[in-house]
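Within every chain, numbering begins at 1; the chains are lettered A, B, ... in the order of the sequence lines, protein sequences first and strands thereafter.
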Number of protein chains: 2
Amino acid sequence: MMMQNKYIQIYKQIAEEISEGHYKPKEKLASEHELMNAYKTSRETIRKALNLLAQNGYIQKIQGKGSIVLDRQKFDFPVSGLVSFKELAGSLGDKHQTHVEELAVIDADDYLMYQLQTPPETKIWKALRVREIDGERIILDKDYFLQSNVPELTKEICEVSIYDYLENDLGLTISFAKKEITVEEPSSEDRRLLHLEGFSNIVVVKNYVYLEDATLLQYTESRHRPDKFKFVDFARRSHK
Amino acid sequence: MMMQNKYIQIYKQIAEEISEGHYKPKEKLASEHELMNAYKTSRETIRKALNLLAQNGYIQKIQGKGSIVLDRQKFDFPVSGLVSFKELAGSLGDKHQTHVEELAVIDADDYLMYQLQTPPETKIWKALRVREIDGERIILDKDYFLQSNVPELTKEICEVSIYDYLENDLGLTISFAKKEITVEEPSSEDRRLLHLEGFSNIVVVKNYVYLEDATLLQYTESRHRPDKFKFVDFARRSHK
DNA sequence: TTGAACGTCATGTATATACAAGTTACAATA
DNA sequence: TATTGTAACTTGTATATACATGACGTTCAA
């Protein structure tokens, strides 16, 4: 009967209202007691929703006073967290395009065995994609999946969104990810596939994506031209 | 009577046990029911502690099975979240040093008025520090505080840790922060103060630090030599 | 032998109550 | 006037109970 969890519904609803500007920044949200009546639920359920809002930078809770709405405009989160290129490109300018340069099942070499924590000769999907924005080839994405997790993969899927395919079609649920950002010298592959004239550095984002059972699903290297790279992170201090 | 919140105590205790290797990765934690008896508390309190552990990458909860311990070794979090340089340098190599190049109260110029969201002629503490690791001048930190928040600041404080001073001495509690990472061309100031021979890029981390009442405490620009820069981020997918 | 059904234990969600603690406004008091 | 005290709000913590849902082993029947 329940379409979805109550506290997530409430979270999404309030988050949308904030995003659409129904509340102004620095404005106070209704109190937990009022929200409790408004949504006909218990206080703990309201509090779970409000904690999600706080965690994701929508509001700030202040004991004794209430919840105030933060200014997410001045706070824009383009590449924070686990977003995929499609979400990113959609939120930024349009005129983006994805070129699938390579798509094949390969045997894991030493580097991949280390990154994916697999035994030798494991079959691995390799997808090599170039992201083009406004006519410039900006990003090189190198994706690796265990074939045991992802049996089939096509050029068409790679051109749209691999994440959509994994989550909606294969029913895999992504739980958490670790990102590592460094700056390196461009490889010859980078120079061949991207427009790097005059740039002597490249930003490398290594992304380890895990499923709900804590097994590694995917290793991705996302190689960005430095002038077009921007990473935004919002973090709360967890405890005192 | 209560030294600290129960669920934070339990969180810290289990977190320490995991860090010290009392549990091995992939090992199962005791069930919520068992922990409930062990700590003589309610299940909800245990769950709050476990959720903190999950959020910070210590464990993964799996419905129906239990909580399994993640491998934080393979997962090292050097610069994730809100850590200060002191913590960073301590966890990495030693032989680090801080040079205070400049420390003064100034009037906000246009750039600072924008970054700190203040009216004109606001008095602002400016601290300019160079971080040296293993004899190389690697990082240039430019810190700005409103004098209304931080009345006094000394060279000695800047050499140790401004964060310690703010939190322990002034009683200011940092609540959340927004980071922005970009790559730029070095300024003449960067070239003068850092060892940048041969490097044509610099990694700029803009850090906006907020207090519990959601007011901006500090704006920091941390400018890193690209070869020594590394940023690690751990993120959970918040909802479905 | 296979497979469906069931019981048990795990975590997830929702509710209720009680009290602690921070904020604010206002009235009482010195 | 200035301070204190109190009442009425707010959010924070802790506890208890109930049921839903997922994982898994055992039992029992085909």
How many whole angstroms separate atom [atom1] of [X] from atom [atom2] of [N]?
X: Lys40(B); N: dT15(D); atom1: NZ; atom2: P; result: 12 Å
X: Asn51(B); N: dT11(C); atom1: CG; atom2: P; result: 12 Å
X: Tyr7(B); N: dA14(D); atom1: OH; atom2: C1'; result: 11 Å
X: Arg47(B); N: dA14(D); atom1: CZ; atom2: P; result: 16 Å
X: Ile46(A); N: dT13(C); atom1: CD1; atom2: C1'; result: 14 Å
X: Leu53(B); N: dT11(C); atom1: CG; atom2: P; result: 13 Å
X: Lys61(B); N: dA23(D); atom1: NZ; atom2: C1'; result: 16 Å
X: His33(B); N: dA16(D); atom1: NE2; atom2: P; result: 11 Å

Just by distance, with hydrogens left out, do Ser175(A) and Gln60(B) show a side-chain donor and acceptor under 3.5 Å apart?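 There is such a pair (donor and acceptor under 3.5 Å, judged by atom type) between the side chains of Ser175(A) and Gln60(B).
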
Lys/Arg N to Asp/Glu carboxylate O, Asp141(A) vs Arg131(A), below 4.0 Å: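 Yes, charged N to carboxylate O under 4.0 Å.
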
Run the salt-bridge test on Asp143(A) and Lys126(A) with the 4.0 Å N-O cut-off and return the result as yes or no.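 The answer is no: the pair does not qualify as a salt bridge.
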
Does Asp169(A) have any side-chain contact (heavy atoms from CB on, under 4.5 Å) partners at least two apart in sequence or in another chain, and if so, which?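 With neighbours one apart ignored, the set is Tyr165(A).
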
Would you indicate which nucleotide in dA16(D), dT13(D), dA14(C) comes nearest to any side-chain atom of Ser42(B)?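 The answer is dA16(D).
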
Which one, dA14(C), dG12(C), dA14(D), comes nearest to the side chain of Glu32(B)?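 Given the options dA14(C), dG12(C), dA14(D), the side chain of Glu32(B) is closest to dG12(C).
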
Counting only side-chain nitrogens and oxygens, does [X] get under 4.0 Å of the OP1 or OP2 atom of [N]?
X: Thr45(B); N: dT13(D); answer: no
X: Thr41(B); N: dA14(D); answer: no
X: Lys48(A); N: dG12(C); answer: no

For Tyr58(A), what residues pass the ring pair (Phe, Tyr, Trp, His ring centres under 6.0 Å) criterion, not counting sequence neighbours?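 Checked Tyr58(A) against ring pair (Phe, Tyr, Trp, His ring centres under 6.0 Å); zero matches.
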
A quick test of your reading: do over 12 heavy atoms of other residues, nucleotides or ligands sit less than 6.0 Å from CD of Glu121(A)?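 No - once you tally the heavy atoms of other residues, nucleotides and ligands closer than 6.0 Å, there are 12 at most.
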
Readout for nucleotides 18-24 of chain C: B = base within 4.0 Å of protein heavy atom, S = sugar-phosphate only, - = neither; 5' to 3' it is B--BBSS

Out of Tyr208(B), Trp125(B), Phe145(B), which one pairs with Tyr219(B) under the ring pair (Phe, Tyr, Trp, His ring centres under 6.0 Å) rule?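 Per the ring pair (Phe, Tyr, Trp, His ring centres under 6.0 Å) rule, the option paired with Tyr219(B) is Tyr208(B), out of Tyr208(B), Trp125(B), Phe145(B).
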
